[in-house]
Amino acid sequence: DSNPIPFAVVGSYVLFTAGSPNSGRELWRSDGTTQGTQLVADINPGSGDGAAANVIEPVRRQPFALFAGTTLNHGTELWRSDGTSAGTYLLRDIRPGPGSSHPSATWIHNDMNLIFADDGLRGRELWSSRGSRQSTTLIQEFVSGSKGPWILSQVSGVAGERAILAIYPNSMPGPATAWSSDGTAQGTFSLNTRILVSECVSSGTRVFYWDSLLGGRCHVTDGTLAGTSALSAQMTYFLASPSLQAYGDGGALFVPTHPRRLWKTDGTSAGTSQFLSSPDLRLADAGQLAGVGNGGHAAFAAGAPAQAP
């Protein structure tokens, strides 16, 4: 099984990675026809894999895509392709020599990719690239030294023109700090709040998130320090199933564990309240919560408490 994984549209081609016995997993392209489906480049000659399955997203507004390519001399590094053999090449050897920087994409804004990569000196840190060697640069070192941060989730949401990232500064999971980035060193900074990476949702130009695993508050951010605030009082919460959903245009629904009630917010403290005030109606399962966009509708499972005999 070649297990093709498409990842980018460049010009009139879809770029994808696929495996074969003779060439391993490499970069392919297709125009939707049998004749137009072919190997772009055998990046790692022979049966070894040359293109990673977890590829990097395309750079928007540009006729090329970035991906993680592997060779014996350079390891797994950042590559670029326009869908042709001549236009497929190593963009930058972030970790010089046969070692690998293992680049992985986080977010694309306009013509810029945010990438996490390890240059062998600073650990796995945040880089940006516009598709040239000169534009591929380190923009933020979260942890000084070669260890780098422990990153569970690279992008938690997108707030307008900014990416919201969850950064774990230690080698083991613990409280993460919310960061905001526009893809530049000057525009990357901490939002000074904790963030639960599995409980984040983008809505309009905002990101909503819980700040703690055991008892916390629902926060909102537009990617700026001034636009980051807590929307709720401390609530009992335990990670069991999703309890945040986008609602309307820029709002959200959320469900604390106890009492299991449905709340809504428009992104302001004044506009945050229980969606249903009836004490006899409880959410059956936070995982069965679904919000809908501009129409402002919500769907959920609920039930009445058991009656005493």
Side-chain angles (χ1 to χ4, degrees), residues 107 152-153 155-167 175-181 189-305:
W107 176 65
L152 176 64
S153 179
V155 164
S156 297
V158 176
E161 301 289 299
R162 311 187 64 83
I164 307 303
L165 306 108
I167 301 300
T177 301
W179 282 70
S180 176
S181 180
F189 49 81
S190 172
L191 295 176
N192 298 325
T193 65
R194 293 189 298 177
I195 183 171
L196 192 60
V197 296
S198 59
E199 288 294 311
C200 302
V201 63
S202 298
S203 182
T205 58
R206 301 184 179 107
V207 170
F208 296 86
Y209 58 93
W210 286 100
D211 66 354
S212 179
L213 179 64
L214 295 172
R217 296 180 293 178
C218 184
H219 280 67
V220 65
T221 183
D222 62 3
T224 68
L225 285 169
T228 302
S229 63
L231 294 173
S232 69
Q234 193 86 357
M235 293 181 172
T236 302
Y237 172 74
F238 181 76
L239 178 60
S241 55
S243 65
L244 263 175
Q245 290 288 342
Y247 177 68
D249 185 17
L253 303 175
F254 63 94
V255 182
T257 300
H258 181 75
R260 191 175 290 277
R261 297 284 193 267
L262 180 62
W263 286 67
K264 67 177 179 178
T265 180
D266 63 2
T268 67
S269 294
T272 302
S273 62
Q274 281 194 35
F275 194 71
L276 295 171
S277 58
S278 170
D280 295 328
L281 193 61
R282 292 181 171 86
L283 267 288
D285 183 358
Q288 296 177 22
L289 171 65
V292 180
N294 296 327
H297 302 290
F300 56 91

Which heavy atom of S181 sits nearest to which heavy atom of L165, and what is that distance?
CB-CD1, 3.9 Å

Mind listing the closest non-hydrogen atom pair of Y209 and A178 along with its distance?
OH-CB, 4.2 Å

Any idea which heavy atoms bring K264 and L253 closest together, and the distance?
CB-CD2, 3.8 Å

Heavy atoms, side chains only, cut-off 4.5 Å: are V207 and V220 in contact?
no

Output the distance between atom OG1 (T193) and atom CH2 (W179), rounded to the nearest 0.5 Å.
12.0 Å

Atom CG of D222 and atom OG1 of T205: how far apart are they, to the nearest 0.5 Å?
6.5 Å

Taking all non-hydrogen atoms of both residues into account, name the closest pair between G204 and D249 and its distance.
CA-OD1, 3.7 Å

In terms of the angle between their ring planes, are F254 and W263 parallel, tilted or perpendicular, with boundaries placed at 30° and 60°?
parallel

How far does OG1 of T177 sit from CG of N192, to the nearest 0.5 angstrom?
8.5 Å

Under a 3.5 Å distance rule, please check whether R206 uses its side chain to pair with a backbone N or O of D266 as donor and acceptor.
yes

Check S203 against F208 and note the closest heavy-atom contact, atom names and distance.
CB-CE1, 3.9 Å

Under 3.5 Å, is there a donor-acceptor pair between the side chain of R217 and the main chain of A230?
no

Whether T221 side chain and T228 backbone form a donor-acceptor pair below 3.5 Å:
no

Minimum heavy-atom separation for G223 and I164, please, with both atom names.
CA-CD1, 3.8 Å

Check each of L231, I195, D211 against H219 using the side chain to side chain contact (heavy atoms under 4.5 Å, CB included) test, and report the only one that passes.
D211

